[in-house]
Student: 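One structure coming up, written as structure tokens, with questions to follow.
Computation of the quantities below employed the complete heavy-atom set of this structure, encompassing side-chain atoms and omitting hydrogens, waters and symmetry-equivalent molecules. Numbers restart at 1 for each chain; the letters A, B, ... are given by sequence-line order, proteins then strands.
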Amino acid sequence: MLKVNVYVTLKKEILDAQGLVIKKAIKQIGFDNVNEVRFGKFIQIEINDNNKSEEEIKKEIDYLSDKLLANPNIENYKYEIVRN
Amino acid sequence: MLKGRKPYFGILVFPGTNCEMDCYYVLNNLLKVNCKYIWHQETKDDDINAIIIPGGFSYGDYLRSGAIAKFSPVMSFVRDFAQNGGLVIGICNGFQILLEENLLPGAMLRNNTLKFICKYVNLKVEDADNPFTSNYNKGEIIKMPIRHNEGNYYIDENGLKKLKENNQILLRYCDENGNVNTDANPNGSVENIAGICNESRNVFGLMPHPEASCEKILGSDDGLNIFKSMIDFISKF
Amino acid sequence: MFDVEKEYKKLGLKYNEFLKIQEYLGRMPNYLELSIYSVMWSEHCSYKSSKALLKNFKTTGEYVLQGPGENAGVLDIGDNQAIVFKMESHNHPSAVEPYQGAATGIGGIIRDIFAMGARPICSLNSLRFGKLDEDEHQKYLFEMVVKGIGDYGNCMGIPTAGGEVYFDETYKGNCLVNAMSVGIVQKDKLIKSRAFGAGNYVVLIGSSTGRDGIHGATFASDELNEESESRRPSVQVGDPFMEKVVLEVCLELIDKNLILGLQDMGAAGITSSSVEMASKGNVGLDIDVAMVPLREASMLPYEIMISESQERMLALVEPSKLPEVKTICNKWNINCERIGIVNDSGLYRIFKGPELLGEIPVKSLTDGAPVYHHKFEKPKYFDDVCNFSLSEDDYLSLLNKYTYNEIFKKVISSPNICSKKWVWEQYDHMVQTNTVLLPGHDSAVIRVKDTKKAIAFSCDGNGRYCYLDPYKGAIIAVAETARNLACCGAVPMGLTDCLNFGTPEKPGIFWQFKNSIDGIIKACEVLEIPVISGNVSFYNESFGKAIYPTPIIGTAGLIKDVSNLIGMNFKDEEDIVILIGNDNDFKCSENDGMGGSEFMELFFNKVAGKCPDIDLSYEKTLDKLCVELINNGLVKSAHDVSTGGIAVTIAESCISGNIGAQINIDEKEKNLLKALYNENQSRIVISANKRNLKAIKNKCEGSQIAYLEIGTVGGKNFNINNKINIEINEIISLYNNTIEKIMSK
């Protein structure tokens, strides 16, 4: 069994209103050295790998991310595969 | 191929859709045209000649608004129907689904207020040369409610250029005098865009709710002409 | 083996209750049985402290189809239609986790409504927080509660069309979140929760069961303290999408006559819902915990039995209908499991597969629950605070500090007075396209499609008045809702109440409770409004200090012809402004109506004095007269005088109409500040075209209701005796933007 952690964030050029609010709050708490905050989604998927190759799994996760987990018009994604 | 017929509207229902009955009421009770619900598991329907994707929270709007609904079996039917020139209107969550499905260009972001907004807004009819707003005059100012979390329409510069070149922007948020400016923009959408159509002008998405503004007693009947425009288009040769 | 002597205390049971359990069972209970007793006998489920008093409510009347005792009360609105409604509190969960606490509160009350077979058509809520300005935590609570209510109700597609919010220091450690839901149903589709017919199945529909909300019912029946924060797991998490699906499934099952009974699963989960069904039907029930769909396989039987996982319903199904029920649940892709079966032994038996885990007589859990008659005693504070009144010098010194304009601006921008637009713009208040009066008016008005009818709802309750006089304060709460309805042309049909109090074991608190109940009983009797449902919330204390006694009343009224609806907004230039009703404030009555007023709190930082007086039969006549004036088309606007006094009432009519007014108030016998800001009851400000004045005056005289012309609608200024003179645009901006400004700070 393995776990895939997928991170989805808004593309750089897109205004991240939630990120801005969080940044403001962080500064209010007193942390002045904050440059940028990006808000995003974290999706954890457990897969039975059935001896699939890393390549195959990546292909599947890419497909899933493009089709469902992220909207390529506005969002980027990245992921990590964690083997137990 | 779908013209010159008696109008027959199909209203899609996904789990979480919640404006289907409001649309049905307008079509059936107020405008007296045929309509029926179409469950999201259906894959075809031979009766209808217009599709409404109503508002609501399909699949709870979990992940992203409209992101899960686009995988419903009915959506391949919608795609074929649109490609064959059939009229498709997506209202609010329906607009979001059409964007996710890429039947319309662009994407929806969270309102820049980060809050759900429910209120009446003024809209400027930017184009009347299409099956959805032909009963209005170009430049007319109309009043409809918006009710959404994610109506902050986004499109990149190239996409926006194309929208403008092809007169695909049908509705913009404006003030009561018709000024399209930042103060009149409720959610941060690009250039105050409230509704757009596709290039072939048979698929229309809008964030305001025309079905909720069809009777004076509710505060406005300005939305009625959206449905009347569609009915006229279908009925006439 | 567990140490039963230790455990019963931990579960919140008292020693005498523990003895009583042994008596009912004839033996020591095991842990599962003890848990079941503890939740069923919690204050929240058993009403053991309030039951004896609640019995005295008038619960029948012209419109009543179902009084208290079911998931919600039912009123007949004619044309084979009925409305179903109830109000409930979710105070403690909201104080600890405001977003989920409020959201699940909404979810719970909505389930009560569709458990009766009704489609929910409107939600309202009454909220109380500490003062916002000085306190980030109160802002956080307010923001998250509103968001929780909005996110849940919006997703469900149910308009949140009315309600009220007040801010007072008394609620600082214990906010109030009271939610009311209303549904509509064809009379012949009404369904009840009674279980009957040995061999019939009990079927769980909806979400799977997790460890959330274990011992929530006992949590709700306790005071908040430092420990509460660490007991967060007791708070449940809501899934509005699931609830929307469960709603559609249940209505489809009822529509197709596939189920015999339906019960919402709220506090104490499977236990309380199934026991209540069995008890109402005088039958026994076998529950098999092995059949319950779980989120975590390792859950223990007692956890399964008392879990408060949300979005679950229990249906009574004839065995032959089960396949069809399953088909519909499959279509909507939700769980549907037979978890129990009706028996005729009168015993509640819990199994895990073939293994019997517990056995309890059903009635011992319900009718056999303890009933307490707590001691009551007039609390010490009472005489002191009531004997206070502002002196003429107090008023003069205020006028030395501020002008009339400044005083008015401060009043109109008080968070307790100003527009709650910031709140209701976050609620979808228009979905279902029946909201014919937008929020901000005296009542929420929902039309009934395909008829001329509309239903109006009003929620109200003034904790300050009840603190100064729980009896009169409760009467005023009922009267205020009736008057709000009258201003929309509606005749009251029935009410629901949500009674928020401190710890009932304290004699002073119980005195407040008892007096409030007596007040409601009296008001209901004279105004002829039966109580059809309700909820009691005790232990609203933090660090030993109780909130003001806060009974909230939610009343429903019938509008026969919605085309007569007028609203509170002034309409046209040169219309005449008239005050009808109690004219005491223009005379020198003994009670000056300043006690507990917003004015006194704002400028003197005091909640003291005498609660305003009210004459209920006069109120009734006034309300009837107002409805008659509206139905005869004689008036163009109507708005009742309440918090903030008549200056605020008139200003609100100007603001909503976006038009000014010139008002002249006779100051001869009284100082103008008192005249403007007293909160005397039974007053309505109307506006009318000149040509109707004579007819209105005649009708007032006929009803022996005072009639006083006080000014003219028109212009761009709000002007009272030339002492207050402000441009209406400025007032609108103060009124509309105050809360938004505070919240964005």
Student: Counting heavy atoms not belonging to C/Lys560, are there more than 12 under 6.0 Å from its NZ?
Tutor: no
Student: Less than 6.0 angstrom separating the ring centers of B/Phe57 and C/Phe241, yes or no?
Tutor: no
Student: Check C/Glu425 with B/Arg147, please: is the shortest side-chain N to carboxylate O separation under 4.0 Å?
Tutor: no
Student: Please give me the minimum heavy-atom distance between B/Tyr62 and C/Asp239, naming the atom from each residue.
Tutor: OH-OD1, 2.6 Å
Student: Using heavy-atom distances under 4.5 Å, tell me whether C/Lys147 contacts chain B through its side chain, its backbone, both, or neither.
Tutor: side chain
Student: Nearest 0.5 Å, please: how far is CD1 in B/Ile217 from CZ in C/Arg447?
Tutor: 6.0 Å
Student: Supply the atom-to-atom distance C/Met430 CE to B/His209 NE2, rounded to the nearest 0.5 angstrom.
Tutor: 9.5 Å
Student: What's the spacing between B/Asn29 CG and C/Lys449 NZ if we round to 0.5 Å?
Tutor: 8.0 Å
Student: Chain B heavy atoms under 4.5 Å from C/Glu243: which part of the residue, side chain, backbone, both or neither?
Tutor: neither
Student: Once rounded to the nearest 0.5 Å, what's the spacing between atom OG1 of C/Thr433 and atom CD of B/Glu211?
Tutor: 7.5 Å
Student: Using heavy-atom distances under 4.5 Å, tell me whether C/Leu438 contacts chain B through its side chain, its backbone, both, or neither.
Tutor: side chain
Student: Kindly confirm or rule out a cation-pi arrangement of B/Lys119 over C/Trp424, judged by NZ or CZ under 6.0 Å from the six-membered ring centre and within 45° of its axis?
Tutor: no
Student: Using non-hydrogen atoms and a 4.5 Å limit, figure out which bit of C/Val431 sits close to chain B: side chain, backbone, both or neither.
Tutor: both
Student: Once you round to the nearest 0.5 Å, how far does CG of B/Asp61 lie from CG of C/Asn154?
Tutor: 10.5 Å
Student: What part of B/Glu215 lies closer than 4.5 angstrom to a heavy atom of chain C: side chain, backbone, both or neither?
Tutor: side chain
Student: Let me know if B/Thr17 has heavy atoms under 4.5 Å from chain C in its side chain, its backbone, both or neither.
Tutor: backbone
